[in-house]
Each structure stands twice: as structure tokens, then as C-alpha cells.
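So the structure is just underneath, and the comments pick up after that.
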2 protein chains.
Amino acid sequence: MENKKYECPLRFTMDLIGSKWKSLVLFHLLKGGMRSGELQKTLKDISNKMFTQTVRELEEDQLIQRRIFPEVPPRVEYELTPLGKSLEDILIQMDDWGRNVIEDIKKER
Amino acid sequence: MENKKYECPLRFTMDLIGSKWKSLVLFHLLKGGMRSGELQKTLKDISNKMFTQTVRELEEDQLIQRRIFPEVPPRVEYELTPLGKSLEDILIQMDDWGRNVIEDIKKER
DNA sequence: CTGTATCCTATAGGATACTG
DNA sequence: CAGTATCCTATAGGATACAG
């Protein structure tokens, strides 16, 4: 994260959460930590590769944390860090905004 | 906009404002309408192609409006629509969030 | 179950030149 | 000034197969 350029703060934020899956991952983790497979399932349609890549980058940026349980079969859980949680209001507002717009579009028919 | 799929509201929102330049354009228009060239200049580093593409899509999605003044030389201004303005809180919060994180990173050195 | 490694395609996006 | 048209490269991202 330290090596990301930060021309404009908004751009910086969008770099962190603006990619296709990142905001969704964070959003789904708002309710609490989740097991890897479970998280991936909630993201319907995400490829295996993108899932791994997305959580790895979010972890690098310290927005989520990865916990490994030494069990068999292996078990991994992801949860928000305090920094990740600090995005809660923004994520919820974006979700609400989208829901309202969608509703309005439906009404127009 | 009507033809965008809306699996998840948050995803819908991100589709509208999550691309590289869109949120920046909206953000810079919060203070009021701007002339095309002026707007493009504030976005430092945006290519001609991407600028046109970005404002066209934002216009299609009814987040900004394009006004043409019949003058010579030609003059075009862009401004937020009511729908675009309704994103103000979100945009400002994302900008604030980014600024705070950047500050924290700097302090750590 | 969790994750890695390839391969492949589609798209994003920049540079440049040109038009009304 | 505002915008279009090409061409080109880099990256995003999916599908599949495989490993611990």
C-alpha cells in the first residue's frame, strides 16, 4: 500500500477498493469473518484465480486479514481489519444508493 | 443504464462510478459545471480518448449533463445531474477516507 | 478444502494524427 | 476548442488442470 501513488485521495481509495471484486469482498465480510470457500461462494461467478488474487491484494493493503487454522482438511478464514471496517459506512451507502437507483428504474416502467 | 445487470446493488454502483476516471470526473464537478477543456485539465494524465469515453458514459448513465453553447470557437460544459449530485456524500467520504489513510502512512515514518 | 500455475481472450487505456 | 479515428500494448480476468 505504501508504494501506491496518491495523486488524489479519492483516486487512492478507488485504487484500493475499486476493482471488480474488492468492494464486494469487503461488503460481504461486514457481517463477520468467513471461511474461504464460503466467501468465494457468495461472490457467484468469480473465478478461482480472481478470488485468490483479490483477497491477496486486500490483505497486502491491510483491509482484510487471513487466518489459517491448522486442521485437516485445511481451513482458512478471512475477516476485516480495523482499517477495512472503517470502510463500512461507505460500502453500505454505495449499496443503498445502488438499490435506490435500481428501484427508481423499475418504477419508471 | 437500464440494460446494466444488477446482481448486487453495490456492484451496480461500482459499475457506474468504479472505473479509473469516472469518480474523479464526478468529484471535480461537485463544485459546479466546468468547461470541457478545463475539466480535462484537472484530470492530469487522462488521454483524449479516455476523457471523451468517460464523459459519454457518465452522460448515458445520466450522472452528468452535457451543454453545448453555439459559439465560435465551440464551447461545451459538463455538470452534474441531480442523480450525479446524489453521489456527493459518497464521493466526499471516499476522498476523506483516502486522505486519512495517506496521512497515517506518512506518520508511520 | 485451499490454493497455484498456465493458457488464452477481451477489454482498458495510451499515443498520435486528424476534422469541424 | 472539442471531438473522432486508429493503432497498439498492457492488463484484467476466465477456464482448466493440478498440488498440498
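Every chain is numbered from 1, with letters handed out A, B, ... down the list of sequences. Keep in mind that this is a model prediction, so the values were computed, not measured.
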### Query
For the residue pair B:Leu29 and B:Tyr78, what are the closest heavy atoms and their distance?
CD2-O, 3.5 Å

### Query
Among residues 67-80 of chain B, which contact DNA chain D at a heavy-atom distance under 4.0 Å?
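Going residue by residue through residues 67-80 of chain B, the ones with a heavy atom under 4.0 Å of DNA chain D turn out to be B:Pro73, B:Pro74, B:Val76, B:Tyr78.
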
#### Entry: Residues within residues 35-49 of chain B bordering DNA chain D, heavy-atom distance below 4.0 Å
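B:Arg35, B:Ser36, B:Gly37, B:Asn48, B:Lys49, in order of number.
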
### Query
Which residue pairs satisfy the side chain to side chain donor-acceptor pair (under 3.5 Å) criterion with at least one member in residues 82-103 of chain B, sequence neighbours excluded?
A:Ser86-B:Trp97, A:Gln93-B:Gln93, A:Trp97-B:Ser86, B:Asp95-B:Arg99

### Query
Any donor and acceptor pair, going by atom type alone, linking the side chain of B:Thr52 with main-chain N or O of B:Asn48 inside 3.5 Å?
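Such a contact is found between B:Thr52 side chain and B:Asn48 backbone.
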
### Message
Tell me whether B:Thr13 contacts the main-chain N or O of A:Gly98 through its side chain, where contact means a donor paired with an acceptor under 3.5 Å.
### Response
yes

### Summary
Rounded to 10°, the helix from C:dC1-D:dG20 to C:dG20-D:dC1 deviates from straight, judged by its five-pair end axes, by 50°

### Query
Near A:Arg67 CZ, under 6.0 Å, is it more than 12 heavy atoms from other residues, nucleotides or ligands?
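Check fails, neighbour count at 12 or below.
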
### Presence of salt bridge, B:Glu77 and B:Arg75, under 4.0 angstrom
yes

Contact between [X] and [Y] at the side-chain level, heavy atoms closer than 4.5 Å - yes or no?
X       : Y        : answer
B:Leu43 : B:Thr54  : no
B:Lys31 : B:His28  : yes
B:Phe12 : A:Ile105 : yes
B:Lys41 : B:Arg35  : no
A:Phe51 : A:Leu39  : yes

### Task
On DNA chain C, reading 5' to 3', which nucleotide is the first and which the last to sit with an atom under 4.0 Å from a heavy atom of chain A, could you check?
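Both ends considered, the range comes out as C:dC1 to C:dC7.
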
### Task
State which residues pass side-chain contact (heavy atoms from CB on, under 4.5 Å) with B:Gln65; sequence neighbours excluded, sorted by chain then number.
B:Glu79, B:Thr81

### Task
Using only side-chain N and O atoms of B:Arg56, determine if any of them is under 4.0 Å from OP1 or OP2 of D:dA2.
no

